[in-house]
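Working notes for the structure below.
Computed from a prediction, not measured in an experiment: that's the story for all the values here. Counting starts at 1 for both ligands and their atoms, in listed order. This chain uses plain numbering: 1 for the first residue, then up along the sequence.
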Amino acid sequence: MTTARSAAAFKSALKPLDEALAELLGHAVPLAGTETVSTFDADGRVLAEDVVSTLQVPPADNSAMDGYAVRVADVPGAAVALRVSQRIPAGSLAGALEPCTAARIFTGAPIPAGADAVVMQEDCEPLADKEGFIRIRQPPRLAQWIRRAGEDVTRGTTVLSKGERLTPAALGLAASIGMSFLQVARRPRVALFSTGDELVMPGEVAPAQMRPGAIYNANRFFLRALLLRLGCEVSDFGIVPDRREATLDALLSASQAHDVILTSGGVSVGEEDHIKPAVQQLGSLGLWQIAIKPGKPFAYGKVGAAHFIGLPGNPVSSFVTFLVLVRPFLLRLQGGTQLAAKSIAAPAHFIWPRADQRREFLRVRRNAAGGLELFANQSSGVLTSAVWGDGMVDNPAGQTIAHGDTVLFIPFSELL
Ligand code: AMP
Ligand code: MG
């Protein structure tokens, strides 16, 4: 009974992830200001206006094959021979198709008026005894191998919407309707700090020279890379020493020219840390205990006009908390509309016999059978799990998993 009561108290002190996310997103007012960028450079950016087509794609009916354009009525049976009356390469203009003839045609070339099918060249053969004639082996179906004008985009269609994050395919689609520039949200300016006097930068101290107790700063590398992928401009403040004055200085200078200050480490409860009092002195800070594993400690506050976000120091906690909380926050700052990562149902090819009171994000990878395999060590310090894995199982609080159970899988590719 004592155990049950303390478990309940523990649970109620923690903030459910959905609640934390809703509260965090409530602070994420989209940044003012947009930017015009070349379509070449717009990958990953968030559109600031709808992209509407003023034309149709393809602009005209055209051939999907190299072959011969014909009128179906002229080829009533097998082995019909037709004279080749014109040649239409891609990019040329076609005259009308003469009755009872075929037009040599190439992929992407316009269908001549009067033709209603294309026969691929593999289904035709030149007549050995009649120069300029071909034989068509099988009668064609109406409209075969014809790509219709406007089958991709019709005039007036919104092909890409405001708030959409641009993908390589979206850049191609924008280009296909003639857009060489796109209006996108401005990049959030993010100041990144790592805290922790145990941290050492790779390159500054060789592995053999590491002092006892020192570890390399891993978080700085993945956080910077994640921020860049999310369209942010990153100012890397490096490792801020665990001293009050240094922390105050760094926060103050970062707050002046940045939209967001992101730190890792020093947000665990009971820790002798300088981030918390420093942020409180300069602005406001809420320390949250979020009911997720890995993760839990998380801080949100303001320093001047800048948002302050403090992530836990354990690398996997930092990584996962970034993906589930900071990622949607940064997308919302850019006016993004698709904030939640799409999860898919998949069978567990592992067992998870001990339920946790927190919602868990287990690092797993898909096997060839479509099942999910679990990385053996789910510790919040084991970054190998996030490299070995290709995604996470989003496991509700209090849930065990038996082999074959259907679970929710979030591929990392959805989050990056
Ligand atoms: P903290 O949240 O500061 O209590 O840190 C929790 C754990 O994460 C400690 O073991 C830290 O040494 C480790 N840690 C904190 N920051 C980093 C970092 N930037 N890179 C790698 N490990 C870190
Ligand atoms: Mg620390």
Atom indices of ligand 1, in the order listed, that fall short of 4.0 Å to a heavy atom of [X]:
X: Ile215; result: 12 (O), 21 (C), 22 (N), 23 (C)
X: Tyr216; result: 20 (N), 21 (C)
X: Glu198; result: 11 (C), 12 (O)

Before signing off on this row, confirm whether [X] and ligand 1 have an N or O atom pair separated by under 3.5 Å.
X: Asn314; value: yes
X: Asn217; value: yes
X: Gly265; value: no
X: Gly266; value: yes
X: Gly313; value: yes

Does the separation of the ring centres of [X] and [Y] fall below 6.0 angstrom?
X: Tyr68; Y: Phe106; answer: no
X: His403; Y: His349; answer: yes
X: Phe329; Y: His27; answer: no

Using the six-membered ring of Trp388, assess whether NZ or CZ of Arg363 lies under 6.0 Å from its centre and within 45 degrees of the ring axis.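 No, cation not above the ring by the 6.0 Å, 45° rule.
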Using a distance-only test with no angle check, is there a side-chain donor-acceptor pair under 3.5 angstrom linking Thr154 and Thr157?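 Yes - a donor-acceptor pair under 3.5 Å links their side chains.
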Region of Ser318 engaging ligand 1 - heavy atom pairs below 4.0 Å: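 Near ligand 1, Ser318 shows nothing, with every heavy atom at 4.0 Å or more.
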Strictly below 4.0 Å, N to O, side chains only: are Arg165 and Asp43 in salt-bridge contact?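 Not counted as a salt bridge, because no side-chain N and carboxylate O are separated by less than 4.0 Å.
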What residues form a side chain to side chain donor-acceptor pair (under 3.5 Å) with Arg189, not counting sequence neighbours?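 Listed in chain order: Asp259.
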